[in-house]
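Take a look at the structure set out below.
FYI, side chains are in, hydrogens and waters are out, and symmetry mates aren't considered; it's all heavy atoms of this structure. So that the names make sense, note that chain A is the first sequence line, chain B the second, and so on, each numbered from 1.
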2 protein chains.
Amino acid sequence: MVTVHDVARAAGVSISTVSRALTMPERVAAPTRDRVTAAARELGYRPNRAASVLRAGRAGAIGLVVPDLANPYFAAIAKGAQARARERGLGLFVVDSDEDPDLETEAVAGLAPQTDGIVLCSPRAVERSVEALEGRPVVLVNHEVDGLPSVVADHGAGMLRALEHLRALGHRRVAYVGGPERSWSDGRRRTGLRAAAVRLGDVELVELGPHRPQVAGGHAAADLVLASGATAVVTFNDLVAVGLVERVRVRGLDVPGDLSVVGCDDAYVAELLAPPLTTLRTDLRSAGRAAVDHLAARAGRSGHDLGDAAVVLPVELVVRGSTAPPRPTLHDDPDDDAVPTEDT
Amino acid sequence: MVTVHDVARAAGVSISTVSRALTMPERVAAPTRDRVTAAARELGYRPNRAASVLRAGRAGAIGLVVPDLANPYFAAIAKGAQARARERGLGLFVVDSDEDPDLETEAVAGLAPQTDGIVLCSPRAVERSVEALEGRPVVLVNHEVDGLPSVVADHGAGMLRALEHLRALGHRRVAYVGGPERSWSDGRRRTGLRAAAVRLGDVELVELGPHRPQVAGGHAAADLVLASGATAVVTFNDLVAVGLVERVRVRGLDVPGDLSVVGCDDAYVAELLAPPLTTLRTDLRSAGRAAVDHLAARAGRSGHDLGDAAVVLPVELVVRGSTAPPRPTLHDDPDDDAVPTEDT
DNA sequence: GTGAAAGCGCTAACAA
DNA sequence: TTGTTAGCGCTTTCAC
């Protein structure tokens, strides 16, 4: 292993000059700096991170804790975070908590001492995990807690957009198939849908769930949706939408003919389906990037100065083949496609 | 931050006793050990990993380098590795090299000093990356290099199984849509297919590619496959199969009616498709687990004693709806479904 | 602008 | 069985 001593000897300087030349180049005379960097490159010197963490307190790395790496949602966030961390010269350690609150806290506690901060995605045990940080910087993704910085999607706007779209097609009764009971984003989506329904005035909302956020959850929800009399449905995520479509077909009905379906997340399955899925897209990579930026900006600062600022990412409605006007019924109102009049 | 000193004071012992009680409990008297562990728990002591890495040389953690975390293939490996590492009380740091050979080497070099070994998945620059390890333990996944331990799928057996299946259905001309040019597994698959074709005697193989290992690659390959006169096709992975099916449909043809399709990997899209995809499955989580076990077994040992052993994982053919007998033609041989006779 | 020296928290000889 | 002590490789005062 090449150490500062080897570089110092090769460059004919002291180890402190080596350290300085590499970490604060402007405080070393140009010729000296060049000799040092040349020697370092030649010898293939790589600073021992453990040593510099121990001594300097800074790790030059951050941690990312996600509930499930196999979930494309979190994989996308991880990709974005990784890319940005690299751009900033930071290391990124990814840990998968396997959806387990205890493991999450464990992961945070283990990661905290050797990183400059933690990005905590969709936490399953926020309070305990934040406590385990002992005051070290943290950014929450897809979750909000008072006084903590966070990066979240604008679920309210997304839901409004979905409902406007369905309303414009002529739907007046829309179901929501909810996700896991304790999901923060599920709560936000419900709140957003209710607000949107009130705002639009003539759209009735049927809330269902909780359901598992997988294909199986969609299977389970399908019959409830059909029985509810809704002509359109918004699902917690795209996988639920997939299951829903499958089961609706088994019942001999058609999507979007008998039921329009809007997913969430724009997972890549969304466009592979037949029909491709209308869905709400958030740029998850930019969520990862924003979280890393937030952390990097706080690095060095001690207090929670601008700590509680929330980055809110836009949500875009991607219209594909799974949404269409409802089949005409006896009650059909010829005004449906017209510009809405004042609340009637 | 709670240090060994704090615990030592609280337990009324010296710092070395604390260290010993925590890392080699059997070498400390039971009552002392209990006092120490109690004090440690009470104070919420967490050993500073940076310090112990620096001093002991052991990191209690391993690194996993993958080309793309957003690829479910690698995500599954990561999950398996993570779970096993946890069972063994090891940390696992996941780094995404973004399919870039330079970044891969960089990641390995950065990870190596602070881990006890590296799991290198589908390397894009094996030689340089292994060199960057400076002799530290490494396990290759989905790649083989002489003298290095590895975990690979039995592509040969998988390809034989696929071809046997297609042959049993009556196919006599089978295309292979290859993946990236420099992919190790693509090479293994081609070799396996050729061997299988020779062995079966009456199956003709049409090799195509290289193609991108994504849906777009399948789009690009579809017309070539149709023009080749093959009645069945094996693709590099499931995404390519998806693209292939899409394009075949655009051409007004049917899967499996006009073309049978076998994917590889059993990514979760495979069963969502219509028709669900016949595919070759490897248990990737167990690949991750095996890699970690391999590394853990070598930990402590210096030499490359049993180092070059390769763990070969079984490949299973999962038959779903995308494979069926070919449409009868004028040349159809009534013996097609019979037990194969000697090479004719 | 550069060097000498003091540790960061921990482990592992070596002593007792 | 337990304590004392010497560093691991690095950063960072503090002199010069």
Side-chain angles (χ1 to χ4, degrees), chain A residues 1-37 39-40 43-61 91 109-110 112-116 134 136 299-300, chain B residues 1-37 39-40 43-61 91 109-110 112-116 134 136 299-300:
Chain A
M1 169 179 274
V2 185
T3 76
V4 273
H5 291 95
D6 303 315
V7 178
R9 202 174 318 116
V13 295
S14 75
I15 60 164
S16 22
T17 300
V18 173
S19 175
R20 240 174 270 141
L22 267 25
T23 60
M24 359 194 233
E26 72 285 357
R27 302 188 57 167
V28 169
T32 319
R33 192 199 319 135
D34 295 344
R35 283 218 313 289
V36 172
T37 47
L43 297 173
Y45 170 72
R46 309 206 130 259
N48 180 320
R49 194 162 255 169
S52 69
V53 172
L54 182 57
R55 179 59 238 238
R58 284 178 281 95
Q114 54 196 328
T115 56
D116 296 332
E134 301 184 333
R136 284 194 196 70
Chain B
M1 167 177 274
V2 186
T3 75
V4 273
H5 291 94
D6 303 315
V7 178
R9 202 174 317 113
V13 296
S14 75
I15 59 165
S16 32
T17 301
V18 172
S19 175
R20 239 173 274 141
L22 266 27
T23 61
M24 357 195 240
E26 72 287 358
R27 303 188 54 166
V28 169
T32 319
R33 191 199 319 135
D34 295 344
R35 282 218 315 287
V36 172
T37 48
L43 296 174
Y45 169 73
R46 306 205 131 261
N48 180 321
R49 196 163 252 170
S52 69
V53 172
L54 181 57
R55 178 60 239 233
R58 283 178 281 95
Q114 53 196 327
T115 56
D116 297 331
E134 300 184 333
R136 285 194 197 68

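The interatomic distance linking Arg27(A) (CZ) with dT2(C) (P) rounds to 12 Å, in whole Å.
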- Item | B/S/- contact track for nucleotides 6-11 of chain C, protein heavy atom under 4.0 Å | BBBBBB
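The minimum heavy-atom distance between Ala40(A) and Val7(A), with the atom names listed, is N-CG1, 4.0 Å. When all heavy atoms are compared, the tightest approach of Thr3(A) to Tyr45(A) is C-CE1, 3.7 Å. Arg49(B) and Gly91(B) make their closest contact through NH2-N, 4.1 Å (heavy atoms, listed as atom of the first residue, atom of the second, distance). Across Gly12(A) and Arg35(A), no two heavy atoms sit closer than the pair O-NH2, 4.0 Å.
Distance check, rounded to the nearest 0.5 Å: OG of Ser14(A) to CZ of Arg9(A) gives 13.0 Å. Once rounded to the nearest 0.5 Å, the distance linking CE of Met1(A) with CZ of Arg136(B) reads 5.0 Å. In this structure, OG1 in Thr17(B) is found 12.5 Å from CZ in Arg33(B), a value given to the nearest 0.5 Å. For the atom pair Arg20(A) CZ and Ile15(A) CD1, the distance stands at 10.0 Å (nearest 0.5 Å).
Looking at Asp34(B), its side chain never comes within 3.5 Å of a backbone N or O of Pro31(B) through a donor-acceptor pair.
When the C1' atoms of four end pairs are superposed on the next four at each end of the helix from dG1(C)-dC16(D) to dA16(C)-dT1(D), using five pairs per end, the two resulting axes differ in direction by 40°, to 10°.
Within 4.0 Å (heavy atoms only), Val13(A) reaches sugar-phosphate atoms of the nucleic acid but no base atom.
The shortest distance between side-chain heavy atoms of Val13(B) and Val36(B) falls below 4.5 Å.
Contact footprint of chain B on DNA chain D: nucleotides with an atom under 4.0 Å from a non-hydrogen protein atom, first to last in 5' to 3' order, dT1(D) to dG9(D).
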